[in-house]
Peer 1: 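Got a structure here, written out as structure tokens. Questions coming.
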Amino acid sequence: MGRSFNSVTRPRSTLILFLLIIPFLCMLTWPCTAAAAQELHKGFEANPNPSISSFQPLLNDSSGKFSFGLLRVNSTQLALAVLHVPSSETLWIANSTTLPRWSDHTKVFFNGSLVISDPRTRTFWSTQTQGDKLVLLNNSNLQIQKALDNSNNFPTILWQSFDHPTNTLVETQNFTSTMTIVSSNGLYSMRLGNYFIGLYAKFDSDSDQIYWKHKALQARAQIIEGGGPIHVRVDPDGWLGMYQNETAPVDVESFNSFQRTLEGLLMVRLEPDGNLKAYYWSGSSWGLDYEAITDTCELPNPCGSYGLCTPGTGCSCMDNTTEFSSGSCSGSASYSYDPCTDPKSQNDIKISRRKGVDVPFKELMRYETTPSLEECENTCEMNCSCYGSVYNNASGFCYILDYPIQTLLGTGDDSKVGYFKIREEAKKKRIYPGLGVGIGLLGAALLCLIGAIGFGSYKIWVNKRRVNRILEEETGGAMSGPYKDLGSASFRSIEMCSGSHR
Ligand SMILES: *[C@@H]1O[C@H](CO)[C@@H](O)[C@H](O)[C@H]1NC(C)=O
Ligand SMILES: *[C@@H]1O[C@H](CO)[C@@H](O)[C@H](O)[C@H]1NC(C)=O
Ligand SMILES: *[C@@H]1O[C@H](CO)[C@@H](O)[C@H](O)[C@H]1NC(C)=O
Ligand SMILES: *[C@@H]1O[C@H](CO)[C@@H](O)[C@H](O)[C@H]1NC(C)=O
Ligand SMILES: *[C@@H]1O[C@H](CO)[C@@H](O)[C@H](O)[C@H]1NC(C)=O
Ligand SMILES: *[C@@H]1O[C@H](CO)[C@@H](O)[C@H](O)[C@H]1NC(C)=O
Ligand SMILES: *[C@@H]1O[C@H](CO)[C@@H](O)[C@H](O)[C@H]1NC(C)=O
Ligand SMILES: *[C@@H]1O[C@H](CO)[C@@H](O)[C@H](O)[C@H]1NC(C)=O
Ligand SMILES: *[C@@H]1O[C@H](CO)[C@@H](O)[C@H](O)[C@H]1NC(C)=O
Ligand SMILES: *[C@@H]1O[C@H](CO)[C@@H](O)[C@H](O)[C@H]1NC(C)=O
């Protein structure tokens, strides 16, 4: 519809006039926002509308709270998404590795499969099903169903968005041991293990460090060994339940709204800082209802790499000649290569030590017991996949850091000594403060650019200076950003709420 105006070449003022009247024309002639039938059938086809800047609904649910459609990402790209309409918050995004352009060439259709393609070139994403209709349920679940066939009164579900969650779980959604949710920056994930919920960080391509683990407390029901895997569900009554079978939960993690039977929607999201939070929709904003990690210093990387998080004090830098500014230890070493596969670089490594540091989430960290600090350091020194170690002289525990150094904990306890490999090249930068600042600014500019490109929020680059490489590898840049673009306003309200709730 709006498309036809695109090809018209006219003086600018006329063009502006046209742009202004498009919405009115649309209203008179054809509903621009593709009036939502409550199911889509084979043969359905849509192109992105060039005049829409954020979201083009294709299908609404019966309550009008949810909408499935085309989300405009980074202004030029398109993603399939399910939105919470009142807040414009994105609840689900199709996990296409590359996003197509928001252009006439891109087509979204349902032919039994839900498909995004550019017919001239390629298919970007497809559900690879042979269904009859596409339905959006009133819990935001997008389903591809077979038509009712026989005795059974329930349609057969061939595919559903609830089985492929993005970074969010909504109430009633089942999260099983075969699923993963990933934070929008691709760094953190949530999975279920043997009777626990685990949060994992991907600090480099090899690492998969668990930083939060919640075991089933079995207060209401016992786990039956060999009784099958567990699954998790957000209960509308304000809790996260872990189940082995449906009769009784083996664990209940309650939210602030526990049993308060609020009207609004509840959702649980894995945030870009690695925290798992629950929010409820109060009708006008999202209120924080739960957070898995309440102590900032226990987050996976609150002060950036080579940062030091001291409870009650905040962030500083491990190298005390480096200042913590703009959310990171600028000028600090970038250890973005793999020393094991690049043996020459071993020569560039210098050692840095710091007393009074500890590892975060230490009960989840790998350690060995060594009789002395020297032996702990030796263990790390001789192993190219060790990036550093922390020795606790009192217990003899030698914690091995087998991923690039992130934020450590600051403690007043000098019997805990950190040993870190730092790349020499990066160290040089710190010798000349002027140059360091220059490089810092350059880095900041680059990060701003990256931020603008899609990772949107300040918070993310604060946490994650060096992982852009990983981001690109892990997500192809595809999953990042979208909900930020759209939801930044409501996100501000979340952050404000989170302040007032604590
Ligand atoms: C579907 O929802 C959109 C908002 O996302 C709204 O603009 C549109 O009018 C709705 N259509 C119907 C038929 O309810
Ligand atoms: C997308 O989801 C499919 C399953 O639907 C999974 O196999 C694939 O690994 C996912 N891709 C990404 C980039 O997460
Ligand atoms: C639907 O379209 C896709 C992409 O063009 C194609 O690969 C697939 O075979 C089609 N499916 C059916 C059932 O026609
Ligand atoms: C959602 O739809 C089901 C029937 O499909 C209904 O029982 C339920 O009450 C609805 N829930 C809401 C919140 O509208
Ligand atoms: C979650 O799983 C339970 C039991 O398997 C099932 O009864 C329920 O319908 C599921 N919820 C959704 C939204 O699929
Ligand atoms: C489900 O768990 C409960 C409590 O542990 C147990 O009593 C019940 O037998 C289990 N049911 C099934 C079908 O396994
Ligand atoms: C920095 O740390 C070193 C040893 O860890 C110490 O000798 C030095 O006094 C510290 N400098 C400052 C400015 O705190
Ligand atoms: C080196 O460290 C890695 C990771 O910490 C560990 O898996 C491996 O066993 C170590 N190799 C040796 C020879 O100790
Ligand atoms: C470490 O522990 C040993 C004995 O356990 C003690 O002799 C030594 O003084 C301690 N060193 C520090 C730095 O606390
Ligand atoms: C976002 O758009 C810019 C240009 O507008 C482009 O350079 C960049 O690659 C895009 N980002 C992503 C993640 O595709």
Peer 1: Distance alone, cut at 3.5 Å: any donor-acceptor contact between the side chains of T407 and N301?
Peer 2: yes

Peer 1: Can a salt bridge be assigned to the pair K421 and E381 using a cut-off of 4.0 Å between side-chain N and carboxylate O?
Peer 2: no

Peer 1: If I take atom CG from residue N139 and atom CZ from residue F66, how far apart are they, to the nearest 0.5 angstrom?
Peer 2: 7.0 Å

Peer 1: Quick one: does E225's side chain have a donor or acceptor within less than 3.5 Å of a partner on I223's backbone?
Peer 2: no

Peer 1: Check step by step if side chain to side chain donor-acceptor pair (under 3.5 Å) holds for D413 and S415.
Peer 2: CA-CA 6 Å; D413 183 352; S415 72; 2.8 Å; yes

Peer 1: Kindly say whether W125 contributes a backbone atom to a donor-acceptor pair with the side chain of T123 at under 3.5 angstrom?
Peer 2: no

Peer 1: When rounded to the nearest 0.5 angstrom, what is the spacing between CG in L401 and CG in L408?
Peer 2: 6.0 Å

Peer 1: If you compare all heavy atoms of I116 against all heavy atoms of P100, which two are closest, and at what distance to 0.1 Å?
Peer 2: CG2-CG, 3.6 Å

Peer 1: Taking side chain as C-beta onward, heavy atoms only, is F175 less than 4.5 Å from H231?
Peer 2: no

Peer 1: What I'd like to find out is whether the side chain of I351 reaches to under 4.5 Å of the side chain of I422, using heavy atoms alone.
Peer 2: no

Peer 1: Can Y290 and E253 be counted as having a side-chain donor-acceptor contact under 3.5 angstrom?
Peer 2: yes

Peer 1: Any donor and acceptor pair, going by atom type alone, linking the side chain of S113 with main-chain N or O of V115 inside 3.5 Å?
Peer 2: no

Peer 1: Work out which heavy atom in V250 is nearest to a heavy atom in Q222; give both atom names and the distance.
Peer 2: CG1-O, 3.9 Å

Peer 1: So, taking the atom named CG in D204 and the one named CD in Q209, what distance separates them when rounded to the nearest 0.5 Å?
Peer 2: 11.0 Å

Peer 1: Could you check whether any side-chain heavy atom of P300 comes within less than 4.5 Å of a side-chain heavy atom of F203, counting everything from C-beta outward?
Peer 2: yes

Peer 1: Check for me whether the distance between the ring centres of Y211 and Y188 falls short of 6.0 Å.
Peer 2: yes

Peer 1: Closest heavy-atom contact between V252 and P249?
Peer 2: CG2-CG, 3.8 Å

Peer 1: List the steps and the verdict of side-chain contact (heavy atoms from CB on, under 4.5 Å) for M267 and V234.
Peer 2: CA-CA 7 Å; M267 67 167 179; V234 181; over 6 Å; no

Peer 1: Quick one: do K362 and D358 make a salt bridge, cutoff under 4.0 Å?
Peer 2: yes

Peer 1: Are L217 and M242 packed together at the side-chain level, in the sense that at least one heavy-atom pair is separated by less than 4.5 angstrom?
Peer 2: no

Peer 1: So, E298 side chain and P360 main chain: donor-acceptor pair closer than 3.5 Å or not?
Peer 2: no

Peer 1: In the structure I gave you, are the side-chain heavy atoms of R101 and L78 within less than 4.5 Å of one another anywhere?
Peer 2: no

Peer 1: Using side-chain contact (heavy atoms from CB on, under 4.5 Å), reason through I210 and F196 one step at a time and then give a plain yes or no.
Peer 2: CA-CA 12 Å; I210 185 167; F196 66 87; 4.0 Å; yes

Peer 1: Just checking, any donor-acceptor pair under 3.5 angstrom between side chains of N141 and W92?
Peer 2: no

Peer 1: Please give me the minimum heavy-atom distance between Q173 and P165, naming the atom from each residue.
Peer 2: NE2-CB, 3.7 Å

Peer 1: Report the distance from atom CD1 of I93 to atom CG of N167, rounding to the nearest 0.5 Å.
Peer 2: 7.5 Å

Peer 1: Report yes or no: does Y391 contribute a side-chain atom to a donor-acceptor pair with the main-chain N or O of T370 at less than 3.5 Å?
Peer 2: yes

Peer 1: Is a side-chain donor or acceptor of S372 paired with a backbone partner of E375 at a separation under 3.5 angstrom?
Peer 2: yes

Peer 1: As a quick check of understanding, evaluate side-chain contact (heavy atoms from CB on, under 4.5 Å) for T310 and L409, giving each step before the final call.
Peer 2: CA-CA 6 Å; T310 310; L409 282 180; over 6 Å; no

Peer 1: For the atom pair CG (D289) and OG (S254), what is the distance rounded to the nearest 0.5 Å?
Peer 2: 9.5 Å

Peer 1: Is it true that D208 and R191 make a salt bridge, defined as a side-chain N closer than 4.0 Å to a carboxylate O?
Peer 2: yes

Peer 1: For I181 and L169, what are the C-alpha separation, side-chain angles and deciding distance, and is it a side-chain contact (heavy atoms from CB on, under 4.5 Å)?
Peer 2: CA-CA 8 Å; I181 55 173; L169 302 174; 4.1 Å; yes

Peer 1: Answer whether the closest heavy-atom distance between the side chains of L80 and L71 falls below 4.5 Å.
Peer 2: no

Peer 1: Between the side chains of S161 and H164, is a donor N or O closer than 3.5 angstrom to an acceptor N or O?
Peer 2: no

Peer 1: Shortest non-hydrogen contact from T180 to S189?
Peer 2: CG2-CB, 3.7 Å

Peer 1: For F397, does its backbone N or O pair with a side-chain atom of E368 as donor and acceptor, under 3.5 Å?
Peer 2: no

Peer 1: Within a strict 4.5 Å, meaning less than it, do heavy atoms of the L288 and Y279 side chains meet?
Peer 2: yes

Peer 1: For the pair R354 (side chain) and M318 (backbone), establish whether a donor and an acceptor sit closer than 3.5 Å, ignoring hydrogens and angles.
Peer 2: yes

Peer 1: Contact between L265 and H84 at the side-chain level, heavy atoms closer than 4.5 Å - yes or no?
Peer 2: yes

Peer 1: More than 12 foreign heavy atoms under 6.0 Å from OH of Y367: is that the case here?
Peer 2: no

Peer 1: Please assess E246 against R233 for the test salt bridge (Lys or Arg N to Asp or Glu O under 4.0 Å), listing each intermediate value before the final yes or no.
Peer 2: CA-CA 11 Å; E246 285 302 316; R233 187 163 64 235; 3.0 Å; yes

Peer 1: Is R269 salt-bridged to E89, going by a charged N under 4.0 Å from an acidic O?
Peer 2: yes

Peer 1: Would you say the side chains of S54 and R72 form a donor-acceptor pair under 3.5 Å?
Peer 2: no

Peer 1: May I ask you to check whether N74 and T76 show a side-chain donor-acceptor distance below 3.5 Å?
Peer 2: no

Peer 1: Considering non-hydrogen atoms only, spot the tightest contact between F255 and L266 and give its length.
Peer 2: CD1-CD2, 4.1 Å

Peer 1: Roughly how far, to the nearest 0.5 Å, is OG1 of T166 from CG of N95?
Peer 2: 7.5 Å

Peer 1: Are C309 and C303 close enough, and set up right, to give a disulfide bond (SG atoms under 2.5 Å apart), and what steps lead you there?
Peer 2: CA-CA 6 Å; C309 189; C303 305; 4.0 Å; no

Peer 1: Taking atom types as modelled and ignoring hydrogens, do the side chains of S385 and N383 form a donor-acceptor contact shorter than 3.5 angstrom?
Peer 2: yes

